[in-house]
Amino acid sequence: MSIEISDSLVGKKVSVKTVNGETFEGIIYGYDQSQNCIALFEMPSGQTRSRGRYTFKMFNITHLQSLTPIDGGSADASFIEQFKSGDLPKINTQKIQERANTAREKRAANMGTDVSIEGQDVFDAISRTLRCTWDNATIVVLDVVTIVPPYGTENMKEKEGGGARAQQTLEQVKKILKDRLQRIR
């Protein structure tokens with residue numbers, strides 16, 4: 001099904017149904033003909049603002065099954081004027097930069113230095129479930145289990161004084177590693 005969109009729909013209340021059957025309601029905030037997509041502003045139910053945040057969804061027109069105007073299809077004048085005047089919330093670029101730096105630091109901490117591809121794969125598989133760190137080429141799991149190269153189940157051991165927690169963690173790590181090895185083969 002081909003949906004015709006034009007700039008005249010900007011600012012109109014619509015119901016959008018995707019080819020996956022999901023339905024969204026909101027106001028068309030923008031339309032980009034070259035990218036063949038719309039930006040839909042979702043107004044929180046019963047509110048005009050949700051803690052000063054707005055929710056926008058981007059849709060590729062080819063992924064829409066239908067687009068239907070709601071309530072005569074027009075947004076109220078105050079909404080349109082608010083966005084025409086540029087009265088959008090300010091973007092906190094410092095907070096965005098802090099999040100990006102934190103994510104970058106976390107990725108860097110998860111990358112082993114001078115370790116094999118297999119070693120990094122083992123680390124990644126275990127770290128999806130349990131907290132891991134690198135100690136040179138040794139993987140340390142929850143501070144109670146260590147795995148040394150070549151990172152097989154026979155290369156795992158409990159740290160001394162780890163007690164029942166270390167034994168339980170060692171069994172869990174062995175299971176994760178066995179499952180990973182089975183998927184590879």
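If you read the sequence from its start, that first residue is 1, and numbering goes on from there. Only a predicted model underlies this, so the values are computations on that prediction, with no experimental measurement involved.
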| query | When you look at CD of Glu160, are more than 12 heavy atoms from neighbouring residues, nucleotides or ligands closer to it than 6.0 Å? | reply | no
| task | May I ask you to test the Lys57-Glu42 pair for a side-chain heavy-atom distance under 4.5 Å? | result | yes
| message | Please identify which of these residues, Arg165, Lys159, Arg131, meets the salt bridge (Lys or Arg N to Asp or Glu O under 4.0 Å) condition with Asp143. | response | Arg131
| task | Answer yes or no: is there a donor N or O on one side and an acceptor on the other, between the side chain of Asn136 and the main chain of Thr138, under 3.5 Å? | result | no
| Is atom CD of Gln168 surrounded by more than 12 heavy atoms (other residues, nucleotides or ligands) closer than 6.0 Å? | no
| said: What's the separation between atom CG in Asp124 and atom CE in Met111, rounded to the nearest 0.5 Å? | reply: 7.0 Å
| message | Show the nearest heavy-atom pair for residues Asn110 and Gln120, with the distance to one decimal. | response | O-NE2, 2.8 Å
| task | Among Phe56, Phe24, Phe59, Tyr29, find the residue that satisfies the ring-ring contact (aromatic ring centres under 6.0 Å, His included) test when tested with Phe41. | result | Phe56
| field | Ile61 with Val19, same ILVMFWY side-chain cluster at under 4.5 Å | value | no
| task | Report yes or no: do Met58 and Ile28 belong to one cluster of Ile/Leu/Val/Met/Phe/Trp/Tyr joined by side chain heavy-atom distances under 4.5 Å? | result | no
| Atom pair OG1/CG of Thr146 and Leu170 - distance to nearest 0.5 Å | 9.0 Å
| Minimum heavy-atom separation for Thr23 to Ser15, with atom names? | CG2-OG, 3.5 Å
| message | When you compare the side chain of Asp121 with that of Arg180, does any pair of heavy atoms fall below 4.5 Å? | response | yes
| said: Grouping I, L, V, M, F, W and Y whenever their side-chain heavy atoms are under 4.5 Å apart, do Val115 and Val148 come out in a common cluster? | reply: no
| query | With distance as the sole criterion, is a donor-acceptor pair present between the side chains of Gln97 and Asn101 under 3.5 Å? | reply | yes
| Non-hydrogen atoms of Glu158 and Gly163 that approach each other most closely | OE1-O, 4.1 Å
| note | When every non-hydrogen atom of Pro149 is compared with those of Ala137, the smallest separation belongs to CD-O, 3.7 Å
| Where Lys174 and Met156 come nearest, the two heavy atoms and their spacing | CG-SD, 3.6 Å
| Polar side-chain atom of Trp134 near backbone of Val140 as donor-acceptor pair, under 3.5 Å | no
| Is Glu171 atom CD crowded by more than 12 heavy atoms from other residues, nucleotides or ligands, each under 6.0 Å away? | yes
| request: For the pair Asp179 (side chain) and Ile176 (backbone), establish whether a donor and an acceptor sit closer than 3.5 Å, ignoring hydrogens and angles. | output: no
| note | Rounded to the nearest 0.5 Å, the CG atom of Asn60 sits from the CD atom of Gln35 at a distance of 9.0 Å
| Between Val141 and Gln172, does a side-chain contact (heavy atoms from CB on, under 4.5 Å) hold up when you go through it step by step? | CA-CA 10 Å; Val141 183; Gln172 190 174 3; over 6 Å; no
| request: Enter the distance from Leu40:CG to Glu25:CD here, rounded to the nearest 0.5 Å. | output: 9.5 Å
| Under 3.5 Å, is there a donor-acceptor pair between the side chain of Thr18 and the main chain of Glu22? | yes
| said: If I take atom CG from residue Leu177 and atom OG1 from residue Thr153, how far apart are they, to the nearest 0.5 angstrom? | reply: 6.0 Å
| query | Tell me, which pairs form a ring-ring contact (aromatic ring centres under 6.0 Å, His included) where one or both residues lie in residues 140-166, sequence neighbours left out? | reply | none
| What's the shortest heavy-atom distance between Ile126 and Ile147, and which atoms? | CD1-CD1, 3.5 Å
| Hey, does Ile38 have a side-chain heavy atom less than 4.5 Å from the side chain of Val14? | no
